[in-house]
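All values below come from the heavy atoms of this structure, side chains included, with hydrogens, waters and symmetry mates left out. The residues of the chain are indexed from 1 along the displayed sequence.
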Amino acid sequence: MNTVYDLSDGRKVMLYMENNRILLLFTPLRPGQMPAVRHNDCLGRLYSAAWHGRIYYVYENLSHQIVFGCLDDDGAAVILSPLSERQMYEGLVLRETGGQLCLYYQQCCEPGERRLYVADPWHAERAVCLWSGTKEPVDVRWY
């Protein structure tokens, strides 16, 4: 998901994906200004959120792992890895829930079963399954 955020100094930052790269572009734009490359391994499913004055993001890398990071920090961490070739993640969403930043995602499991999880992105191994069922993706809408 491509997003524009307002920064505390009045500038804006655009966070977006293009050709397997996650790019940052700050305003005001100057002649010849190029976007900064944040990552070169983005397969897709980029999602970001502003929380407590910081911008966090999550995406799927080329190895089908889920990576979590913050624009204020240099690195990012792999927080979820598929256990088999058939397992994959989709529907990544970062949302504030009950005062906490939460990662919601769907996991496609082995006999075609899907599960909807919520996790603290800093402790994704403690994810809670909210729903389990059908072979079709769950249509989650945020209000």
Who are the salt bridge (charged side-chain N to carboxylate O under 4.0 Å, His left out) partners of Asp120, not counting sequence neighbours? none
With a 4.5 Å cut-off on side-chain heavy atoms, are Val37 and Leu23 touching? yes
Minimal non-hydrogen separation, Ala127 against Tyr105, with atom names: CB-OH, 3.5 Å
Any sub-3.5 Å donor-acceptor pair from Arg45's side-chain atoms to Tyr89's backbone N or O? yes
List, by chain and then residue number, the residues other than Leu43 in its hydrophobic cluster (Ile/Leu/Val/Met/Phe/Trp/Tyr, side-chain heavy atoms under 4.5 Å); write none if there are no others. Leu62
Kindly give the cluster partners of Met34, where membership spreads through any ILVMFWY side chain lying under 4.5 Å from a current member. none
In short, Leu29 meets Gln33 closest at the heavy-atom pair CA-OE1, 3.2 Å
Quick check for you: to the nearest 0.5 Å, what is the distance between Met88 atom CE and Ile66 atom CD1? 10.0 Å
List in chain and number order the residues that pass salt bridge (charged side-chain N to carboxylate O under 4.0 Å, His left out) with Asp74, two or more places apart in sequence or in another chain; answer none if no residue qualifies. none
Which pair of heavy atoms, one from Arg115 and one from Cys129, lies closest together, and at what distance? CB-SG, 4.0 Å
Looking at Gly75 and Arg38, what are the two nearest heavy atoms and their distance? O-NH2, 4.2 Å
Heavy atoms, side chains only, cut-off 4.5 Å: are Leu94 and Trp51 in contact? no
Taking the side chain as every heavy atom from C-beta outward, state whether Met14 and Thr27 have any pair of such atoms under 4.5 Å apart. yes
Answer whether the closest heavy-atom distance between the side chains of Tyr104 and Thr97 falls below 4.5 Å. yes
Residue pairs, two or more places apart or on separate chains, that pass ring-ring contact (aromatic ring centres under 6.0 Å, His included) and touch residues 20-45: His39-Tyr57, His39-Tyr59
Taking C-beta and beyond as the side chain, do Arg114 and Gln106 meet within less than 4.5 Å on heavy atoms? yes
Does the Asn20 side chain pair with the main chain of Cys42, one donor and one acceptor, at a distance under 3.5 Å? yes
How far apart are the C-alpha atoms of Ile79 and Leu103, what are their side-chain angles, what is the distance that settles it, and do they pass the side-chain contact (heavy atoms from CB on, under 4.5 Å) test? CA-CA 11 Å; Ile79 58 172; Leu103 170 63; 3.6 Å; yes
Donor-acceptor pair, Tyr56 side chain versus Leu101 backbone, under 3.5 Å? no
When rounded to the nearest 0.5 angstrom, what distance separates CD in Glu125 from CG in Leu80? 9.5 Å
Quick one: pull up CG in Leu25 and CG in Leu15 and give me the separation to the nearest 0.5 Å. 11.0 Å
For residues Phe68 and Val93: do they belong to one hydrophobic cluster (side chain heavy atoms under 4.5 Å, members Ile, Leu, Val, Met, Phe, Trp, Tyr)? yes
Is the backbone N or O of Met17 less than 3.5 Å from a side-chain atom of Asn2, with the two atoms forming a donor-acceptor pair by type? yes
Over all atoms of both residues, closest heavy-atom pair of Gly69 and Ala76: CA-CB, 4.0 Å
Of all heavy-atom pairs linking Ser63 and Asn61, the shortest is N-OD1, 2.9 Å
Measure the shortest side-chain to side-chain distance between Arg95 and Val118 over non-hydrogen atoms and say whether it is less than 4.5 angstrom. no
Salt bridge (charged side-chain N to carboxylate O under 4.0 Å, His left out) with Glu18: which residues, sequence neighbours excluded? Arg21
Backbone N/O of Val4 and side chain of Tyr16: donor-acceptor pair under 3.5 Å: no
Going from CD1 on Ile55 to CG on Asp72, what distance comes out if it is rounded to the nearest 0.5 angstrom? 7.5 Å
